Trainee: 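Following this message is one structure expressed as structure tokens.
Each chain gets a letter, A, B and so on, in the order the sequences are listed, and its residues count up from 1. Below, all heavy atoms of this structure are taken into account, side chains as well, without hydrogens, waters or symmetry copies. Since the structure is predicted, the reported quantities are computational estimates derived from the model, not experimental observations.
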2 protein chains.
Amino acid sequence: MELSCKSEYALLALLELADHYRDNEPLQIRQIAAEQKIPDRYLEQLLATLRRSGLVRSQRGAKGGYILAQEPWKITLSEIVASIEGTDAQSPDVYRDAKSIEGMVIREVWQEAGQAADAILQKYTLQDLMEKRNSRQQLDLMYYI
Amino acid sequence: MELSCKSEYALLALLELADHYRDNEPLQIRQIAAEQKIPDRYLEQLLATLRRSGLVRSQRGAKGGYILAQEPWKITLSEIVASIEGTDAQSPDVYRDAKSIEGMVIREVWQEAGQAADAILQKYTLQDLMEKRNSRQQLDLMYYI
DNA sequence: ATTATATCCCGGTTCTCCACCGGAGTTTAC
DNA sequence: GTAAACTCCGGTGGAGAACCGGGATATAAT
């Protein structure tokens with residue numbers, strides 16, 4: 001539904017990391033930020049979040065940076081947005097436990113809609129996004145010629 | 001995905017209006033707010049939004065209030081949340097800012113997920129919610145006996 | 001006509017999250 | 001040991017959510 005800057009930045013960064021996954025050497029924040037036009041200080045926070053979720057590993061010190069913690073075809077978009085968007089540990093819903101029946105019914109429908117959206121995000125991996133992008137680039141090239 | 005207070009309040013209020021749809025006389029904000037435990041001054045804003053979207057009609061003055069503008073089985077949850085949550089005055093995609101190819105691919109997947117969620121909300125009407133609630137109440141009664 | 005009753009419209013407030021910046025500390029390669 | 005990178009901490013500005021209040025306006029009943 002809502003595509004926040006956070007999620008898009010995170011996806012772009014992970015896509016960049018996926019591109020260099022074969023190199024087996026870390027990519028620095030600065031490079032990712034420059035390549036994808038992301039404010040570096042902000043990207044740093046997002047990568048820290050992704051690290052805490054185990055999607056990315058970091059190496060400190062000189063020649064350090066970030067690497068994907070798993071192969072690109074094992075990371076789904078669902079995991080990414082769950083990591084970045086939804087650390088809704090506890091919502092401040094004190095009054096929500098006074099659950100009317102209508103409230104519960106509404107919540108169930110909402111949950112169903114959320115699961116439908118998540119099902120879509122689960123069937124796409126980083127690898128899929130890369131391939132989608134590559135074939136798109138191919139298409140653009142064809143039109144250019 | 002995210003179930004905001006706004007949407008839940010609006011749904012509860014419309015459910016209340018649907019309950020009294022046969023009466024053909026308006027329900028006041030105060031009554032809805034009292035019945036569904038909604039802050040009345042806030043509910044007023046939401047009903048104003050729903051009115052501007054044509055989901056609800058209002059009658060001013062004494063004996064005034066709100067009535068559903070359409071039959072309960074003609075109002076989908078999709079319309080409701082679109083009215084209340086989304087003032088997404090969507091501009092034509094042609095004038096969408098020229099982003100990177102990866103940005104476009106990401107946006108397409110996001111759109112697909114959003115449409116999947118909206119499809120769920122489209123297949124439920126106010127009438128459906130009422131029936132869901134009624135059968136739920138029936139169930140609770142059975143357990144109570 | 002006047003009045004009681006309701007919506008309508010204009011604000012303001014508090015709070016949280018987003019997007020982002022800066023500094024000080026820590027780890028590591030060289 | 002120094003430079004290069006991450007790590008942690010806090011802070012800012014803006015937007016929206018979730019409210020509250022006052023006054024203007026419309027309408028039914030007297």
Trainee: Give a yes or no answer on whether the side chain of B:Glu85 reaches the backbone of B:Ala82 with a donor-acceptor pair at less than 3.5 Å.
Mentor: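 Pair absent, no side-chain N/O of B:Glu85 close to backbone of B:Ala82.
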
Trainee: List in chain and number order the residues that pass side-chain contact (heavy atoms from CB on, under 4.5 Å) with B:Thr49, two or more places apart in sequence or in another chain; answer none if no residue qualifies.
Mentor: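 Residues passing side-chain contact (heavy atoms from CB on, under 4.5 Å) with B:Thr49: B:Arg52, B:Ser83, B:Ile84.
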
Trainee: Is it possible for you to say whether B:Ile101 and B:Val109 belong to one hydrophobic cluster, with membership spreading through side-chain heavy-atom contacts below 4.5 Å?
Mentor: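 Linked, B:Ile101 and B:Val109 end up in one cluster.
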
Trainee: Rounded to the nearest Å, what distance is computed from the CD atom of residue A:Glu25 to the P atom of nucleotide D:dA4?
Mentor: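 Computing the A:Glu25:CD to D:dA4:P distance gives 17 Å.
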
Trainee: Looking at D:dC8, I'd like to know if its phosphate oxygens (OP1 or OP2) sit under 4.0 Å from a side-chain N or O belonging to A:Arg60.
Mentor: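 So the side chain of A:Arg60 is outside the cut-off, no N or O lying under 4.0 Å from OP1 or OP2 of D:dC8.
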
Trainee: Only one of A:Leu43, A:Leu17, A:Leu50 passes side-chain contact (heavy atoms from CB on, under 4.5 Å) with A:Tyr66; say which it is.
Mentor: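 Passing option: A:Leu17.
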
Trainee: Provide, to the nearest angstrom, the distance between the CD atom belonging to A:Gln45 and the P atom belonging to C:dG22.
Mentor: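 From A:Gln45 CD to C:dG22 P: 13 Å.
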
Trainee: Could you state the OH-P distance from B:Tyr66 to D:dT27, rounded to the nearest angstrom?
Mentor: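 For the pair B:Tyr66 OH and D:dT27 P, the rounded distance is 14 Å.
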
Trainee: In whole angstrom, what separates B:Gln59's CD from D:dT25's C1'?
Mentor: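 Nearest whole value for this atom pair: 14 Å.
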
Trainee: Is the shortest side-chain N/O distance from A:Ser58 to OP1 or OP2 of D:dT7 below 4.0 Å?
Mentor: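 It does, given that an N or O in the side chain of A:Ser58 lies less than 4.0 Å from OP1 or OP2 of D:dT7.
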
Trainee: Could you measure the distance from the CG atom of B:Leu68 to the NZ atom of B:Lys74? Nearest 0.5 Å is fine.
Mentor: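 Between B:Leu68 CG and B:Lys74 NZ, I get 12.5 Å after rounding to 0.5 Å.
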
Trainee: May I have the distance from A:Leu27 (atom CG) to D:dA4 (atom P), rounded to whole angstrom?
Mentor: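 From A:Leu27 CG to D:dA4 P: 18 Å.
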
Trainee: According to a strict under-4.0 Å criterion, is A:Tyr9 in side-chain N/O contact with OP1 or OP2 of C:dC18?
Mentor: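 It does not, given that no N or O in the side chain of A:Tyr9 lies less than 4.0 Å from OP1 or OP2 of C:dC18.
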
Trainee: Expressed as a whole number of angstroms, how long is the span from A:Glu44:CD to C:dC21:P?
Mentor: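 Between P of C:dC21 and CD of A:Glu44: 12 Å.
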
Trainee: Should A:Trp110 and B:Met130 be counted in the same cluster of Ile, Leu, Val, Met, Phe, Trp and Tyr side chains packed under 4.5 Å apart?
Mentor: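 Linked, A:Trp110 and B:Met130 end up in one cluster.
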
Trainee: In whole Å, what is the span from the CD1 atom of B:Ile84 to the P atom of D:dA17?
Mentor: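 Value for this atom pair: 10 Å.
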
Trainee: Residues of residues 28-42 of chain A with any non-hydrogen atom less than 4.0 angstrom from an atom of DNA chain C: list those, numerically ordered, please.
Mentor: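 Close to the strand are A:Pro39, A:Arg41, A:Tyr42.
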
Trainee: Report the C-alpha distance between A:Gln122 and A:Asp118 in whole Å, list the side-chain angles of each, state the deciding distance to 0.1 Å, and finish with yes or no for side chain to side chain donor-acceptor pair (under 3.5 Å).
Mentor: CA-CA 6 Å; A:Gln122 270 183 12; A:Asp118 193 60; 3.0 Å; yes

Trainee: Please check the phosphate of C:dT5 (OP1 and OP2 only) for any side-chain N or O of B:Lys63 closer than 4.0 Å.
Mentor: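 False: B:Lys63 side-chain N/O out of range (4.0 Å or more) of C:dT5 OP1/OP2.
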
Trainee: Taking atom C1' of D:dA5 as reference, at what distance in whole Å does atom CZ of A:Arg57 sit?
Mentor: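 In whole Å, D:dA5 C1' lies 17 Å from A:Arg57 CZ.
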
Trainee: Nearest of D:dA17, C:dC9, D:dA28 to any side-chain atom of B:Arg52?
Mentor: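 The answer is C:dC9, which lies nearest to the side chain.
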
